[in-house]
Amino acid sequence: MPELAEVEYFRKCWDSGLGKRVTEVRCHPAARVFRGMKTKELTVALTGSRLLSSDAHGKQMIFRFENATLGVHLGMTGELRCEGYGFDPGKHDHLVLRQKTRTLVFSDPRLFGRLLFHQGPADPDWWTAQAPSVLSKEFSQATLAAFLLRRQRAPIKSILLMQQAFPGVGNWMADEILWQARISPTTLGGKIRDVGALWKTIRSVCRNALRIIGTDGSDPPTDWLFSHRWGRGGFCPRCGLDLERSPIGGRTTCWCPRCQER
DNA sequence: TCTCGTGTTTCTTG
DNA sequence: TCAAGAAACACGAG
């Protein structure tokens, strides 16, 4: 479930390769994750190149090497791992970067993820053109109010999934934000009564998820909706009522019909 | 065997 | 012309 915090966790999985040279690149060129990319150029550029730095923004990651830049989007089922040197890649390990004492692996069974490649001294457009983080100064109550005004007729659940305004917020995080803010997922963007409270909740859920999941991959506390929303059944951790589930904005949405009446 | 699904892009509809 | 919803992508899990 790679959303904001999980992406940060996966980014760190390659940290042990920082400053080290890539000795061998293996990839599955036909895999959908390479769409639009010349994998031969990627292989040539990364072989012998040192991994210099990495960053995560929303659901996008960037890995800067000496000779090239690699972008990683995990889609729904992608992941990054660090394995030992002698690691034998499986069929879903589409990009494998061998270093002297370890192997950096990008794996994605469903192939919804995407790898990007760039050569040049500056960071590429697909990195610099991203929307400001919801934790940045640029994401103000005024920008949130203006965005809601432009999306007056869409349910708030669908709006929170729009990456051009809320980079990194995915399905479970959107449900968590609405549950903590006590807003029904079906409320239309133009009907949000307290934009300031929603703004605060968006920031606190993202900040805490990054702190908890982004640090070591552990789960949020049990008084979050998170632990109760998966699968069937489940009770609201605040009032104990049965949770409801229904697709909103094309995604399974989970909410408490009592706590989130409006 | 069948249904479901954590994301994004593209197409269709209003 | 724009916004919102639906479909498609591919495959493992239940």
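Computed over heavy atoms, backbone and side chain alike; hydrogens, waters and symmetry mates excluded.
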Whole-Å distance between [N] [atom2] and [X] [atom1]?
X	N	atom1	atom2	answer
A:Arg229	B:dC4	CZ	C1'	14 Å
A:Met76	C:dA13	CE	P	14 Å
A:Ile248	B:dG5	CD1	C1'	16 Å
A:Leu116	B:dT8	CG	P	13 Å
A:Phe147	C:dC2	CZ	C1'	13 Å
A:Gln60	B:dT8	CD	C1'	12 Å
A:Asp108	C:dG12	CG	C1'	12 Å

Quantified in whole Å, what is the [atom1] atom distance between nucleotide [N] and nucleotide [M]?
N	M	atom1	answer
B:dT3	C:dA7	P	15 Å
C:dA10	B:dC11	P	16 Å
C:dT1	B:dT9	P	23 Å

Q | Stem list, DNA chain B (Watson-Crick or G-U pairing under 3.5 Å, at least 3 consecutive pairs) | A |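 As far as DNA chain B goes, consecutive pairing (with distances under 3.5 Å) yields the stems B:2-5 with C:11-14, B:7-14 with C:2-9.
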(Q) Does the plane of the ring in A:Trp224 sit parallel, tilted or perpendicular to the ring in A:Trp172? Use 30° and 60° as the thresholds. (A)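 Judged by the thresholds at 30° and 60°, the geometry between A:Trp224 and A:Trp172 is tilted.
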Q: Please write out which residues are connected to A:Ile248 in a hydrophobic cluster, directly or through intermediates, given that two of Ile, Leu, Val, Met, Phe, Trp, Tyr count as joined at side-chain heavy-atom separations below 4.5 angstrom.
A: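 Members alongside A:Ile248: A:Trp255.
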(Q) Which Ile, Leu, Val, Met, Phe, Trp or Tyr residues join A:Trp179 in one cluster when any pair of side-chain heavy atoms under 4.5 Å counts as a link? (A)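 Noted: A:Trp179 shares its cluster with A:Leu225, A:Leu243.
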Q: Would you mind listing every ring pair (Phe, Tyr, Trp, His ring centres under 6.0 Å) that reaches into residues 61-108 of chain A, with sequence neighbours excluded?
A: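 Qualifying pairs: A:Trp14-A:Phe63, A:His28-A:His94.
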Q | Contacts of A:Arg11 that satisfy side-chain hydrogen bond (donor to acceptor under 3.5 Å, both in side chains) - sequence neighbours left out | A |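 With sequence neighbours excluded, A:Arg11 shows a side-chain hydrogen bond (donor to acceptor under 3.5 Å, both in side chains) to A:Glu8, A:Ser54, given in chain and number order.
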Q) Does A:Lys59 have any side-chain hydrogen bond (donor to acceptor under 3.5 Å, both in side chains) partners at least two apart in sequence or in another chain, and if so, which? A)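 Per chain and number, A:Lys59 pairs via side-chain hydrogen bond (donor to acceptor under 3.5 Å, both in side chains) with no residue.
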Under 4.0 Å from OP1 or OP2 of [N]: is there any side-chain N or O of [X] that close?
X	N	value
A:Lys91	C:dA10	no
A:His92	C:dA10	no
A:His73	B:dT8	yes

(Q) Centre-to-centre under 6.0 Å for A:Phe117 and A:Phe34, is that the case here? (A)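 For A:Phe117 and A:Phe34, the ring centres are not under 6.0 Å apart.
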(Q) Test of understanding: with salt bridge (Lys or Arg N to Asp or Glu O under 4.0 Å), list the residues that count as partners of A:Arg98, not counting sequence neighbours. (A)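 Salt bridge (Lys or Arg N to Asp or Glu O under 4.0 Å) list for A:Arg98, sorted by chain: A:Glu24.
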Q: Could you pull out all residues at least two apart from A:Glu41 that satisfy salt bridge (Lys or Arg N to Asp or Glu O under 4.0 Å)?
A: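 By the salt bridge (Lys or Arg N to Asp or Glu O under 4.0 Å) rule, A:Glu41 matches no residue at all.
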Close N/O contacts between protein and nucleotides 3-9 of chain C (under 3.5 Å):
| residue | atom | partner | partner atom | Å |
| --- | --- | --- | --- | --- |
| C:dA4 | OP1 | A:Arg153 | N | 3.4 |
| C:dA4 | OP1 | A:Ala154 | N | 3.2 |
| C:dA4 | OP2 | A:Arg151 | NH1 | 3.4 |

